[in-house]
Amino acid sequence: MMKILVTVKEVAEVEDDFEISGTEISETYLEYDLNEWDDYAIEEAVQLQEEGVADEVVAVTIGPERSEETIRMALAKGADRAVRVWDDAFEDVDLLDVDAKAQLLGAVISDEDPDLVLTGVQANDDSFGATGVALAQHLGFEWAAVVNALDLDTERRVAHVRRELEGGVEELTDVEIPAVLTIQTGINDPRYASLRGIRQAQQKEIAPKTLGDLSLDPNVLDSDLALTEMYEPESESDAQFIEGDPAEQATQLADTLRELGVISE
Amino acid sequence: MSSVLVVADHRRGDLRDISFELVTAGRQLANASGGDLHLAIVSGNTETFADELNREGVDTVHTIEYGEEFNHDVYVQATDALYQDLNPEFLILPNSVNGLDYAPAIAQGLDLPYVSDAIALEYEDDTLSTHREMYGSKVETTIEVTNGPFVITLRGGEWGAAEGTGDAAIEAFDFTPDEDAIRSTITGFEEVAGGDVDISEADFLISIGRGIEEEDNLPIIEALVEATGATLSSSRPIVDNGWLPKNRQVGQSGKQVAPKVYLAIGISGAVQHVAGMKNADTIIAINTDPNAPIFDIADYGIIGDLFDVVPALTEQFT
């Protein structure tokens with residue numbers, strides 16, 4: 001039986017209309033949610049548990065107290081318990097770099113000693129797409145990035161995976177366990193949390209861990225990267241906009257399509 | 001000497017376009033830092049690839065013979081060995097699916113600062129300014145990186161392909177990987193985007209995205225497709241949700257299409273999607289968000305609700 005650890009992140013999504021102040025977008029325009037890729041990673045782990053391949057699924061996150069609401073979603077979908085890494089020292093950090101994340105998550109993983117770690121390919125917000133592979137290297141685990149199919153051979157301790165390459169091509173790869181797999185969207189069909197799941201999640205443990213708890217020095221947060229600017233990209237649009245009410249817009253667009261010669265009526 | 005090391009990307013016998021773009025960016029950094037531009041070709045037809053990549057401004061191409069296809073354990077070891085040999089100030093790698101599979105491991109292993117998916121770079125006073133997108137494509141950020149050497153991956157399509165013929169020295173790099181550290185094995189490839197319809201053959205694609213909201217709303221689009229004789233395609237989320245089969249997906253991981261007309265309905269225009277359809281002759285977009293990046297590449301735009309506009313449009317053809 002395998003123990004699976006899933007890293008999850010609460011991400012901010014920005015409304016259509018927003019304002020930037022300094023190097024951030026003010027809270028008014030943000031909505032927080034479970035990172036889309038992580039939702040698929042959780043589902044994959046929970047399915048492995050339901051199939052009897054895994055006997056424990058632990059969700060791990062780096063995030064402030066607010067993120068517990070999001071982590072509860074992972075618990076409601078079937079993760080057994082969660083670990084939340086946070087420390088007052090994080091409040092002053094505006095960019096947690098890949099190395100810091102690898103060290104923080106790595107410390108939790110060393111304690112938990114899982115067979116398999118699942119992460120999302122990337123996060124919706126900063127889209128670095130690096131945590132999983134950096135984490136594997138940090139731990140000395142094997143890995144595979146952008147996985148869209150997973151079949152575990154628990155006896156031989158091999159993960160048969162498909163990596164989704166560009167242009168509709170998949171690479172079939174055998175990965176030795178222990179391993180970190182970064183999970184691509186579409187690998188499964190993430191469930192909605194049931195009412196029963198949501199109720200049960202209230203009773204499940206979310207263990208807080210500080211830097212001290214993980215025997216890490218605050219200098220793990222030091223970074224050579226500094227976020228110095230945030231700006232809206234200049235619109236490059238030279239589109240001709242079709243105005244009017246929907247009926248008028250439709251009439252004009254129909255004329256345009258006929259002129260372009262692609263309508264077979 | 002603060003030189004630049006670029007690692008080429010290839011698959012199944014062909015260099016990928018990004019390799020030539022990395023050369024352009026690498027030359028730009030070499031100029032800014034006064035160093036040489038080195039390229040590495042790991043595995044595959046190294047001789048052919050070296051000739052193809054010997055473009056203007058390349059100083060040395062290092063070839064490493066080991067197998068045919070990308071394997072991240074081999075790439076990590078080979079890049080590491082070259083890094084120790086050349087001591088470059090910049091390691092420039094592709095933000096491709098293979099780049100995602102080895103670039104973070106190199107930065108982590110060498111304990112170097114790492115920035116992925118850069119869309120522009122500037123180098124001045126030992127500081128590398130990287131520009132990248134955040135929150136989809138809603139904002140751009142500048143991240144200043146100090147304490148090089150730097151490991152940076154670049155987004156495809158942001159730099160032009162390197163041109164001209166270079167006079168680079170082509171050198172075989174003496175490297176033997178530690179086989180025990182190769183703990184993953186590629187067993188094959190499969191084309192997955194086949195099926196009943198080849199959307200890359202269609203003249204008129206009507207493509208649907210997240211804006212359709214629910215599978216039950218698909219008939220609204222199907223009615224328009226039927227009335228106009230178009231072919232139905234989609235962006236990634238629709239296929240992820242299982243509402244349409246994979247062979248209908250336009251984008252980086254789906255099909256590249258170049259129809260006469262591409263009508264994007266409820267598609268915001270994420271970079272991965274645009275990579276698959278930007279070569280359409282005419283692009284028309286319908287979206288509620290006037291700031292949606294799809295309008296940046298559209299020839300015609302309608303800012304409006306697809307649930308109002310699409311039925312009205314269908315009526316025009318019935």
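Numbers restart at 1 for each chain; the letters A, B, ... are given by sequence-line order, proteins then strands.
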ask   = Taking the side chain as C-beta and beyond, is there a heavy-atom pair between A/Glu243 and B/Ile303 under 4.5 Å?
value = no

task = Supply the atom-to-atom distance B/Asp111 CG to A/Gln137 CD, rounded to the nearest 0.5 angstrom.
result = 11.0 Å

Side-chain touch B/Phe317/A/Ile263, heavy atoms, less than 4.5 angstrom = yes

message = So for B/Val76, is it side chain, backbone, both, or neither that comes closer than 4.5 Å to the heavy atoms of chain A?
response = side chain

task = Check whether any side-chain heavy atom of A/Thr23 sits under 4.5 Å from a side-chain heavy atom of B/Thr141, and report yes or no.
result = no

inquiry  = Quick check against the 3.5 Å criterion: does A/Arg163 have a side-chain atom that pairs as donor or acceptor with the backbone of B/Val97?
reply    = yes

ask   = Is the closest basic N to carboxylate O distance between A/Glu166 and B/Arg16 below 4.0 Å?
value = yes

request  = Name the option with the most non-hydrogen atom pairs under 4.5 Å to chain A; the candidates are B/Glu315, B/Arg12, B/Arg132.
outcome  = B/Arg132

message = Please classify the contact of A/Glu36 with chain B as side chain, backbone, both or neither, using a heavy-atom distance under 4.5 Å.
response = side chain

message = Please rank A/Asn148, A/Val11, A/Leu227, A/Thr228 by heavy-atom pairs under 4.5 Å with chain B and give me the top one.
response = A/Thr228

key: chain B contact via A/Val146 - which portion, at a heavy-atom distance below 4.5 Å   = side chain

Residue B/Asn95 versus chain A: region with a heavy atom under 4.5 Å = neither

ask   = Would you say B/Val139 and A/Ile20 make side-chain contact, with heavy atoms under 4.5 Å?
value = yes

key: Donor-acceptor contact present, side-chain B/Arg236 to main-chain A/Gly186, <3.5 Å   = no

task = Check each atom of B/Glu133 against the heavy atoms of chain A and say whether the ones under 4.5 Å are side chain, backbone, both or neither.
result = backbone

key: Modelled atom types, side-chain donor and acceptor of B/Gln316 and A/Thr251, under 3.5 Å   = yes

message = Under 4.5 Å from any heavy atom of chain A, what part of B/Asn291 do you find: side chain, backbone, both or neither?
response = side chain

ask   = With only heavy atoms counted, which part of A/Leu135 is less than 4.5 Å from chain B, the side chain, the backbone, both or neither?
value = neither

ask   = Rounded to the nearest 0.5 Å, what separation is found between the CZ atom of B/Phe189 and the CG atom of A/Leu165?
value = 6.5 Å

key: A/Leu225 side chain near B/Val115 side chain, heavy-atom distance below 4.5 Å   = yes

inquiry  = Would you compute the distance between atom CD1 of B/Ile143 and atom CG of A/Asp126 and round it to the nearest 0.5 angstrom?
reply    = 8.0 Å

query = Are side-chain heavy atoms of A/Glu171 and B/Glu69 found at a separation under 4.5 Å?
reply = no

ask   = Any idea which of B/Gly229, B/Gly188, B/Ala298, B/Ala285 has the most non-hydrogen atom pairs under 4.5 angstrom with chain A?
value = B/Gly188

Structural part of B/Glu144 lying under 4.5 Å from a heavy atom of chain A = both

key: Within-4.5 Å side-chain heavy-atom neighbours: A/Leu253 and B/Ile302   = yes

message = Quick one, B/Glu190 with A/Leu172, criterion side-chain contact (heavy atoms from CB on, under 4.5 Å). Give me CA distance, side-chain angles, the key distance, then yes/no.
response = CA-CA 8 Å; B/Glu190 249 177 55; A/Leu172 284 65; 4.1 Å; yes

query = Most heavy-atom pairs under 4.5 angstrom with chain A, which of B/Ile106, B/Asp289, B/Ile283, B/Leu128?
reply = B/Asp289

query = Do B/Lys246 and A/Glu164 pass the salt bridge (charged side-chain N to carboxylate O under 4.0 Å, His left out) test, and can you show the C-alpha distance, the side-chain angles, and the key distance before you say yes or no?
reply = CA-CA 12 Å; B/Lys246 178 93 186 169; A/Glu164 183 192 86; 3.4 Å; yes

key: Straight-line distance of A/Leu260 CG to B/Asp203 CG, nearest 0.5 Å   = 11.5 Å

message = I'd like to know if the side chain of B/Ser184 reaches the main chain of A/Asp174, judged simply by a donor and an acceptor atom lying under 3.5 Å from each other, with no hydrogens or angles considered.
response = no

key: Under 4.5 Å from any heavy atom of chain A - which part of B/Ser96   = both

task = With a 4.5 angstrom heavy-atom cut-off, could you sort out which part of B/Ile284 is near chain A: side chain, backbone, both or neither?
result = side chain

Minimal non-hydrogen separation, B/Tyr114 against A/Ala130, with atom names = CE2-CB, 3.5 Å

remark   = Counting heavy-atom pairs under 4.5 angstrom with chain B, the leader among A/Glu13, A/His160, A/Gln122, A/Met230 is A/Met230

query = In terms of heavy-atom pairs under 4.5 Å, which option from B/Ile297, B/Asn241, B/Asp117, B/Asn98 contacts chain A the most?
reply = B/Asn98

key: Spacing of CD1 belonging to B/Ile286 relative to CD belonging to A/Gln249, to within rounding of 0.5 Å   = 8.0 Å

message = Quick one, A/Ile25 and B/Tyr135 - any side-chain contact, counting heavy atoms below 4.5 Å?
response = yes

ask   = What's the spacing between A/Trp143 CH2 and B/Arg183 CZ if we round to 0.5 Å?
value = 7.5 Å

query = Is there a side chain to side chain donor-acceptor pair (under 3.5 Å) between B/Asp240 and A/Thr185 once you walk through the steps?
reply = CA-CA 6 Å; B/Asp240 278 351; A/Thr185 57; 2.5 Å; yes

ask   = Under 3.5 Å, is there a donor-acceptor pair linking the side chains of B/Gln108 and A/Asp99?
value = yes

inquiry  = So for B/Thr282, is it side chain, backbone, both, or neither that comes closer than 4.5 Å to the heavy atoms of chain A?
reply    = side chain

query = Contact part of A/Glu15 toward chain B, heavy-atom cut-off under 4.5 Å: side chain, backbone, both or neither?
reply = backbone

inquiry  = Quick check for you: among B/Val261, B/Thr127, B/Thr146, which has the greatest number of heavy-atom pairs under 4.5 Å with chain A?
reply    = B/Thr146

query = So which part of A/Asp17 gets closer than 4.5 Å to some heavy atom of chain B, the side chain, the backbone, both or neither?
reply = side chain

message = Counting only non-hydrogen atoms closer than 4.5 Å, does A/Ala102 touch chain B with its backbone (N, CA, C, O), its side chain (CB onward), both, or neither?
response = side chain

key: Winner by heavy-atom pair count (cut-off under 4.5 Å) against chain A, out of B/Gly109, B/Gly304, B/Gly251   = B/Gly109

ask   = Side chain, backbone, both or neither: which part of A/Leu95 has a heavy atom under 4.5 Å from chain B?
value = side chain

key: B/Lys138 (side chain) donor-acceptor with A/Glu232 (main chain) under 3.5 angstrom   = no

query = Is it true that B/Phe295 and A/Phe241 have ring centroids separated by less than 6.0 Å?
reply = yes

ask   = Considering only heavy atoms, which portion of A/Ala12 lies under 4.5 Å from any heavy atom of chain B: side chain, backbone, both, or neither?
value = both

A/Asp97 versus chain B, the contacting section by heavy-atom distance below 4.5 Å = neither

ask   = Got a donor-acceptor contact below 3.5 angstrom from the B/Ser116 side chain to the A/Phe128 backbone?
value = yes

query = Tell me, side chain or backbone of A/Asp16 under 4.5 Å from chain B's heavy atoms, or both, or neither?
reply = both

B/Leu112 versus chain A, the contacting section by heavy-atom distance below 4.5 Å = neither

